Amino acid sequence: MIRTRLKTILNDCFQAGVPRHGWPEEAASAFTVEQPKREGQGDLATNLALVVAGRSRQNPRAVAAQLVELLDGCPLLDRVEIAGPGFVNFFIRPQVWQETLSEIAAQDAGFGKSQAGAGKRVLVEFVSANPTGPLSVGHGRQAVLGDAISRLLAATGHQVTREYYYNDAGRQMRVLAQSVRARYLELLGEPGQFPEDGYQGQYIIDIARELLAEQGDRLRGSDDLAPFKVKAERAIFADINATLTRLGIHFDNYYNEHSLYDEGHIDAVVAELRAKGLVYEQDGAVWFKTTALGLDQDRVIIKSTGEPTYRLPDIAYHREKFKRGFDWLVNIFGSDHIATVPDVLAGVRALGYDDSKVTVVLHQFVTLLRDGKQVKMSTRKATFVTVDELLAEVGADVARFFFLMRKADSQLEFDLTLATQQSQENPVYYVQYGHARLCSILRQADEKGLDGPSQARLALLTEPEELGLLKAMSAYPELVLEAARELAPHRVVFYLQELAGQFHSYYNRHRVLGEDASLSQARLALVDGLRIVLRNGLNLIGVSAPESM
RNA sequence: GCGCCAGUAGCUCAGCAGGAUAGAGCAACGGCCUUCUAAGCCGUAGGUCGCAGGUUCGAGCCCUGCCUGGCGCGCCA
């Protein structure tokens, strides 16, 4: 917040410096304002002089001196210093930090939100697991990541639609239906039908058992897979939705791949690509000439059996996303889908859409760790750990927090031993406990009949820890903007851990409710502000902010 | 063979559009509860940022090559 204000002021100074000192115009967007790492280097610092000097062969310290002169009389600043190779360090007046508390209190739940993405319609596609089985921990990571990214985008003013794309036709579902039928027949005393690549999980048997209860043995002789497919799809989708709900995730829309066929979009895409000379027949299959679009090999889009490969509906689906009027398409995929991305983007480009409006967030895999040892998982043997099993152990808050502790690019090691500890080692509770503590102080003040938080004497907040907290709180809106820009919710998680830590430290050193009534009121204002920021941050990642623990 | 991701403290990971003397949590060691919640705090120790070059005022971050691990390279999704 303060940083942004200072940046604005520096932009003005820069514009003044261009004619007056011959600063190079093109450096306008290159300089930054940051928090220095070390004590004594001010509250904020800029590399403006270094950037300007680097592009105009001037002495950086001389440019810094010119900047300092231009800044003369700035109301935010207590003093400025030129340091090192030409950094300009800013010492902000304490009052400026203290006043942020009034803004936080006034904005309350709105603090941290912005309109940076106003008017931008963005579609976030994630999970998109076909209904063949319960969600695995890998899906869990994706679900939480997609949801948190959606929250970040919404908090920055984007108009967000969360969408789940699925396919209930095709080979996978056929095998699923066959698996259910085999289990059904086994229950009727006819074993031996289980398909080679069938789904082996217990849930298939459960579905078969339900089917048996509902239908008796009347499906025994039929060759029709439809009843098995329909039953399995319904049961599994209900299960998936229940899991997502437990994780606190809802979708605005479920997009069925099949509708792309029904509405003729698949044929239309093929026709369009064919008209552009990007399609040809070979070996009985239809190929998409991706080599003409800069890729290293052509790809089959319709198999010789007449069935499209996943690629074709994927392209048609993206075409529909654009046609539905979205300005930005964000896809969250597991890294095993990496190979499909270039093909889809090529298809989008070939159809005349701007593929720079598609952002793909690829996340790496999840491994589970228990007692320092990796938990072995296999999809085929259905020995993978499901999100439901995970939730039964650790709960939604912990699951969400842990899934967001790493950036998407990093593999995520989920330490179950740490996650199940209801104690100090667990970072989730560390942050939540901070919030509960803050609420507790406010409660105590209320119960003791003390005067509540007051903005009247904020000037009393002069302890280094207090100013440190105010600075951190003031940085929250920028943090949200950056996390949204980078689609990186882990930034919020790290911020919260840091802020909670600063507060715990402050709490142990200074007393909020003390003898001095004015000081207590000012500190209560600080406490209330912290409560708001921690709560808003936790909301942003979908983790609850308990008022007591 | 090719593509993408990763390689930073014993372990798991941050490092914010190239910035100043590289950070956190866990584990280890030593302290702090008659006072607003000890699910907390304070302190100690811990590093050739995979390796080698390059770019520049400045590189963990950018470029090139190599090494290691993960994921892919299907008429599976």
Side-chain angles (χ1 to χ4, degrees), chain A residues 29-30 32 34-38 41 45 47 50-51 53-54 60 83-87 89 128-130 132 167 170-172 197 283-287 296-297 299-305 307-311 313-314 334-342 362-365 367 369 372 405-415 417-418 421-430 432-434 436-445 448 475 478-479 482-483 485-486 488 490-491 493-495 497-498 500-501 503-514 520 523-524 527 548-549:
Chain A
S29 56
T32 57
E34 299 185 352
Q35 274 193 39
K37 294 186 182 80
R38 304 194 63 82
Q41 296 176 340
N47 62 352
L50 291 162
V51 171
F87 287 100
N89 295 336
S128 295
N130 289 338
T132 58
N167 176 18
R171 204 190 75 88
Q172 279 190 13
D197 50 357
D283 304 331
V286 179
W287 294 70
D296 60 350
Q297 53 181 309
R299 300 289 185 175
V300 170
I301 50 174
I302 301 176
K303 301 184 238 177
S304 51
T305 60
E307 248 181 321
T309 64
Y310 67 89
R311 234 170 247 118
D314 270 8
S335 62
D336 54 334
H337 280 61
I338 186 159
T340 77
V341 174
L362 289 167
H363 65 88
Q364 299 290 321
F365 285 168
T367 53
L369 209 69
M405 279 201 301
R406 306 285 173 250
K407 63 181 173 195
D409 282 341
S410 291
Q411 287 182 42
L412 190 151
E413 192 160 87
F414 197 118
D415 188 341
T417 310
L418 179 62
Q421 273 180 54
Q422 303 223 341
S423 69
Q424 47 194 33
E425 286 82 22
N426 195 322
V428 189
Y429 300 130
Y430 184 79
Q432 289 183 318
Y433 183 59
R437 243 185 183 172
L438 290 159
C439 290
S440 172
I441 296 170
L442 292 163
R443 238 182 351 255
Q444 288 268 334
K448 288 181 180 169
E478 284 125 3
L479 169 94
E482 281 167 19
R485 178 172 53 76
E486 295 169 16
H490 77 278
R491 295 280 305 272
V493 172
F494 278 87
Y495 173 86
Q497 292 186 92
E498 170 66 28
F503 164 63
H504 285 310
S505 182
Y506 172 67
Y507 176 91
N508 273 274
R509 188 170 306 211
H510 300 287
R511 210 181 154 76
V512 175
L513 305 175
S520 292
R523 287 185 171 172
L524 280 170
V527 163
S548 63
M549 289 175 74

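Chain naming here is simple, since letters A, B, ... match the order of the sequence lines and numbering starts at 1 in each. Just so it is clear, the model here is predicted, and its values are computed rather than measured.
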Sequence-distant partners of [X], side-chain contact (heavy atoms from CB on, under 4.5 Å), two or more places apart:
{"X": "T305(A)", "answer": "K303(A), E307(A)"}
{"X": "S548(A)", "answer": "R443(A)"}
{"X": "I302(A)", "answer": "V270(A), V286(A), L312(A)"}
{"X": "H363(A)", "answer": "R141(A), Q142(A), L145(A), I332(A), A408(A)"}

Nearest-Å distance once atom [atom1] is located in both [N] and [M]:
{"N": "U55(B)", "M": "C67(B)", "atom1": "C1'", "answer": "23 Å"}
{"N": "G18(B)", "M": "C13(B)", "atom1": "C1'", "answer": "22 Å"}
{"N": "U21(B)", "M": "A17(B)", "atom1": "C1'", "answer": "23 Å"}
{"N": "A24(B)", "M": "G69(B)", "atom1": "C1'", "answer": "24 Å"}
{"N": "A22(B)", "M": "G46(B)", "atom1": "C1'", "answer": "14 Å"}
{"N": "C75(B)", "M": "C26(B)", "atom1": "P", "answer": "50 Å"}
{"N": "G15(B)", "M": "C61(B)", "atom1": "C1'", "answer": "9 Å"}

Could you tell me whether [X] contacts a base, only the sugar-phosphate backbone, or nothing, with contacts defined as non-hydrogen atoms closer than 4.0 Å?
{"X": "E486(A)", "result": "sugar-phosphate"}
{"X": "N47(A)", "result": "base"}
{"X": "A30(A)", "result": "nothing"}

Output one line per pair: protein atom, nucleotide atom from nucleotides 75-77 of chain B, and distance, for all N/O pairs under 3.5 Å.
| from | atom 1 | to | atom 2 | distance (Å) |
| --- | --- | --- | --- | --- |
| C75(B) | O2 | S304(A) | N | 2.9 |
| C75(B) | O2 | S304(A) | OG | 2.9 |
| C75(B) | N3 | S304(A) | OG | 3.4 |
| C75(B) | N4 | D283(A) | O | 3.0 |
| C76(B) | OP2 | K303(A) | NZ | 2.3 |
| A77(B) | OP2 | Y310(A) | N | 3.0 |
| A77(B) | N6 | Y310(A) | OH | 3.2 |

Partner residues of [X] under the ring pair (Phe, Tyr, Trp, His ring centres under 6.0 Å) criterion, sequence neighbours left out:
{"X": "F87(A)", "answer": "none"}
{"X": "Y310(A)", "answer": "none"}
{"X": "H337(A)", "answer": "none"}

Under the 3.5 Å Watson-Crick or G-U criterion, the dot-bracket string of RNA chain B, with | for inter-strand pairs:
(((((((..((((.....[...)))).(((((.......))))).....(((((..]....))))))))))))....
Restricting both atoms to N or O, compile the protein contacts to nucleotides 57-64 of chain B shorter than 3.5 Å, with distance only.
none

Proximity to the side chain of [X] - top-ranked nucleotide from [options]:
{"X": "E413(A)", "options": "C41(B), C36(B), U12(B)", "result": "U12(B)"}
{"X": "E34(A)", "options": "C41(B), C13(B), G19(B)", "result": "G19(B)"}
{"X": "M549(A)", "options": "C16(B), A20(B), A39(B)", "result": "A39(B)"}
{"X": "S505(A)", "options": "A20(B), A17(B), C41(B)", "result": "C41(B)"}
{"X": "R406(A)", "options": "A14(B), C5(B), C16(B)", "result": "A14(B)"}
{"X": "I338(A)", "options": "A20(B), A14(B), C4(B)", "result": "C4(B)"}
{"X": "F87(A)", "options": "G74(B), A20(B), C36(B)", "result": "A20(B)"}

Interatomic distance where [atom1] belongs to [X] and [atom2] belongs to [N] [whole Å]:
{"X": "H490(A)", "N": "G23(B)", "atom1": "NE2", "atom2": "C1'", "value": "14 Å"}
{"X": "E478(A)", "N": "C16(B)", "atom1": "CD", "atom2": "C1'", "value": "11 Å"}
{"X": "Q35(A)", "N": "A14(B)", "atom1": "CD", "atom2": "P", "value": "21 Å"}
{"X": "F414(A)", "N": "C26(B)", "atom1": "CZ", "atom2": "C1'", "value": "15 Å"}

Measure the acute angle between the ring planes of Y506(A) and H510(A), then classify it against the limits of 30° and 60° as parallel, tilted or perpendicular.
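Judged by the thresholds at 30° and 60°, the geometry between Y506(A) and H510(A) is tilted.
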Have a look at C33(B) and give me syn or anti from its glycosidic angle (syn if within 90° of zero).
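Syn.
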Do any N or O atoms of the protein come closer than 3.5 Å to N or O atoms of nucleotides 67-70 of chain B, and which pairs are they?
| from | atom 1 | to | atom 2 | distance (Å) |
| --- | --- | --- | --- | --- |
| G70(B) | O2' | Q411(A) | NE2 | 3.4 |

Identify the pairs formed between an N or O of the protein and an N or O of nucleotides 44-51 of chain B at a distance under 3.5 Å, and give each distance.
none

